[in-house]
Amino acid sequence: MCGIVGYIGKREAVPILVDGLRRLEYRGYDSAGIACARNEKLSIFKTRGKVRDLERSLPERLKGTTGIAHTRWATHGEPNDRNAHPHTDGSERFAIVHNGIVENAAQLRAKLQASGVTFHSDTDSEVLVHLIAAMPAGSLEDRVRGALRLVTGTYGLAVLDAERPEAIIVARNGSPVVLGIGEREMFIASDPAALVRHTQSVVHLDDGEIAVVRADGFETSTLDGGATAKKPSTIAWTVESFDMEGYSHYMRKEIAEQPDSIRRTLSGRLDNRFHTTHIGGLEMAARELLEIRRVKILGCGSAHISGCIGAHLIEQLARVPAHAEPASEFRYRNPVIEQDTLYIAVSQSGETFDTLAAVQEIKRKGGRVLGIVNVVGSTIARECGRGIYLHAGPEIAVVSTKTFTSTAVAFALLAIHLGRIRDMSTSHGARLLKALEALPAQVEDILAMEPHIAKLAQELAKRENAYFVGRASGYPVAMEGALKLKEVSYIHAEAYPASELKHGPLALISPETPTVVIIPRDDLFAKNVSTLEEIRARSGPLYAITHSGEPLPVAVNGVIEVPKSEPELDPLLMNIPLQLLAYHVALAKDRNIDQPRNLAKSVTVE
Ligand code: AGP
């Protein structure tokens, strides 16, 4: 999942393209490049490394008011100068930048090589520019259309023709492409983050669409040539919302933003008159919701884990059987889609390929699907057509923090809504709404514990491995804690249901392997204390996430006490210190916190 950017207008393209790449760097950051067209010539510069490396070594010759650019997350061909985009044909007339995977690249490459084409990279993407060059002479649009008819796979693609710099051709199939509408200038990007500095007015291309983009506007059509109409939408985010605001990392900024992002997710959705919640985008009447017999939640990575917390909330509060499953596993097993099941797709970016494909599978089989999404207008949101927007604001750090918490809050809103149209009492509803309103202040209290958490992180940073364990709704908290630590510190961390330890993992407990235990003061407290004892008996270092109260009956190496909420909502608070723990361990290990190795913010390839 790479980031592509394009510009055509009256201004010099390079500074605009570099700024766009910087804003998309969380999509991939192993190499970058730019191509500009001027005086019927292409000038191209590309390099291994980050956008700042590209910017530092940009040659003066890179000029022009039409250009395309790319920041890469390698799928085919290792990160190096040769495999960086843009790619050109032999005569350097055409240049392309591509986000996605050309699945039949090997066959196409063999055919093109047999016809005398020389390849300069190991990438799948390079076949696209040679196919375009090999098409019969004609408009660039027709050449691209002809080439894409031979391609199977996914693409967000931008194409430049040195001989016709008055237009850029873009096409989409599976990977997001957004057009930004300016004053006699147009912008192209993989997501709106790269455009907000220049315009709030955008159009999203749909799968199978191609667009001719000129300085004075654009036309869209299908790959078969049928014209399509696009209605511009307005981006809510401003360029300021992408600023670091004095924090040293986006991850730390986004952790700090949680009291506000929770307030935005709650805003206008608490109905204190009927002690229930109001979710405008649900577009499902109570009668239809009452027919729901089961809930299936789909997502990847942290979105899946927040779905696990969501499943607990829906089962506990609405008494509807609920289960969360990784979207990729769901779609590969040819699932049976049931009419009385409500499917919920969770995705902060709204572009994760496996989750999108799961939504399309459910719809193809006539199922009912909702989206819980952060990025407004994103593909999954448009594909679902109804659901809950998080309004958590842009999340730039690759590791998700505030959107994880806001997703869990969104599930609490949905669970209360489903519960109150079933057996949940008004008093229980009222207690839960009060507890939701108290969350932002309670998160503030936890953030104030940072110095203590940072101290514990120094100890953890010395370790190679770590365990996270919890029971019931504490287990997803352990899963997310382990994922965060893995992602940013590269410490091997695993999460286990606490009762599973004695069925194997306990063998790995040793003085070198610390365990973080999620131990809320609830009806499972005693059970979790026995887990502490099991680990202590094997000299395993212990860190407990719990609530304030009597000292724990087992000696631990460190304890973090979070404020108490309603039991069903406790997991939302217990997760916050684990975000800070992972952040400070990564800081102690001098990791690249916002751009961890080998990862990217939204996974738009299979
Ligand atoms: C979480 O920190 C990771 N960035 C990753 O697991 C992420 O949750 C996953 O890729 C899903 O992304 P999405 O929410 O944008 O669909």
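Note that ligands are numbered from 1 as they come in the structure, with each ligand's atoms numbered from 1 the same way.
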Could you list which atoms of ligand 1 come closer than 4.0 Å to a heavy atom of [X]?
X	result
Val399	2 (O)
Val398	2 (O), 3 (C), 4 (N)
Ser347	13 (P), 14 (O), 15 (O), 16 (O)
Ala303	8 (O), 14 (O)

*Name the orientation class of the two ring planes belonging to Tyr583 and His249 (parallel below 30°, tilted from 30 to 60°, perpendicular beyond 60°).*
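Ring orientation, 0 to 90° scale: perpendicular.
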*asked:* Classify the ring geometry of His98 against Tyr155: parallel below 30°, tilted from 30° to 60°, perpendicular beyond 60°.
replied: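 If you compare the ring of His98 with that of Tyr155, the planes turn out tilted.
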*Do the side chain of Glu25 and the main chain of Val51 share a donor and acceptor less than 3.5 angstrom apart?*
yes
*Give a yes or no answer on whether the side chain of Ser378 reaches the backbone of Val375 with a donor-acceptor pair at less than 3.5 Å.*
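Here the side-chain-to-backbone pair exists.
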*asked:* Looking at non-hydrogen atoms alone, which of Ser349, Ala327, Gly307 comes nearest to atom 15 (O) of ligand 1?
replied: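 Going through Ser349, Ala327, Gly307 one by one, Ser349 has the nearest heavy atom to atom 15 (O) of ligand 1.
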Tell me whether [X] is salt-bridged to [Y], with the criterion being a basic N under 4.0 Å from an acidic carboxylate O.
X	Y	answer
Asp19	Arg197	yes
Arg263	Asp260	yes
Arg382	Asp206	yes
Glu361	Arg331	no

Mind checking whether [X] has a heavy atom under 4.0 Å from ligand 1?
X	result
Lys484	yes
Cys300	yes
Thr355	no

*Should the proximity of Glu487 to ligand 1, defined as any heavy atom under 4.0 Å, be assigned to the side chain, the backbone, both, or neither?*
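The answer is the side chain.
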*Measure Ser602 to ligand 1 on non-hydrogen atoms and call it side chain, backbone, both or neither using the 4.0 Å cut-off.*
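Near ligand 1, Ser602 shows nothing, with every heavy atom at 4.0 Å or more.
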*Under the side-chain hydrogen bond (donor to acceptor under 3.5 Å, both in side chains) criterion, do Arg72 and Ser125 qualify, and how do the steps go?*
CA-CA 12 Å; Arg72 184 171 187 238; Ser125 307; over 6 Å; no
Can you report which non-hydrogen protein atom sits closest to [atom], along with the distance?
atom	result
atom 10 (O) of ligand 1	Val603 CG2, 3.9 Å
atom 12 (O) of ligand 1	Thr352 OG1, 3.4 Å
atom 8 (O) of ligand 1	Ser302 N, 3.0 Å
atom 14 (O) of ligand 1	Gln348 N, 2.7 Å

*Does any N or O atom in Gly350 lie less than 3.5 angstrom from one in ligand 1, N or O only?*
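Checking ligand 1 against Gly350, no N or O pair falls under 3.5 Å apart.
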*Do you know which two heavy atoms are closest between Val398 and Lys601, and how far apart they sit?*
O-NZ, 3.4 Å
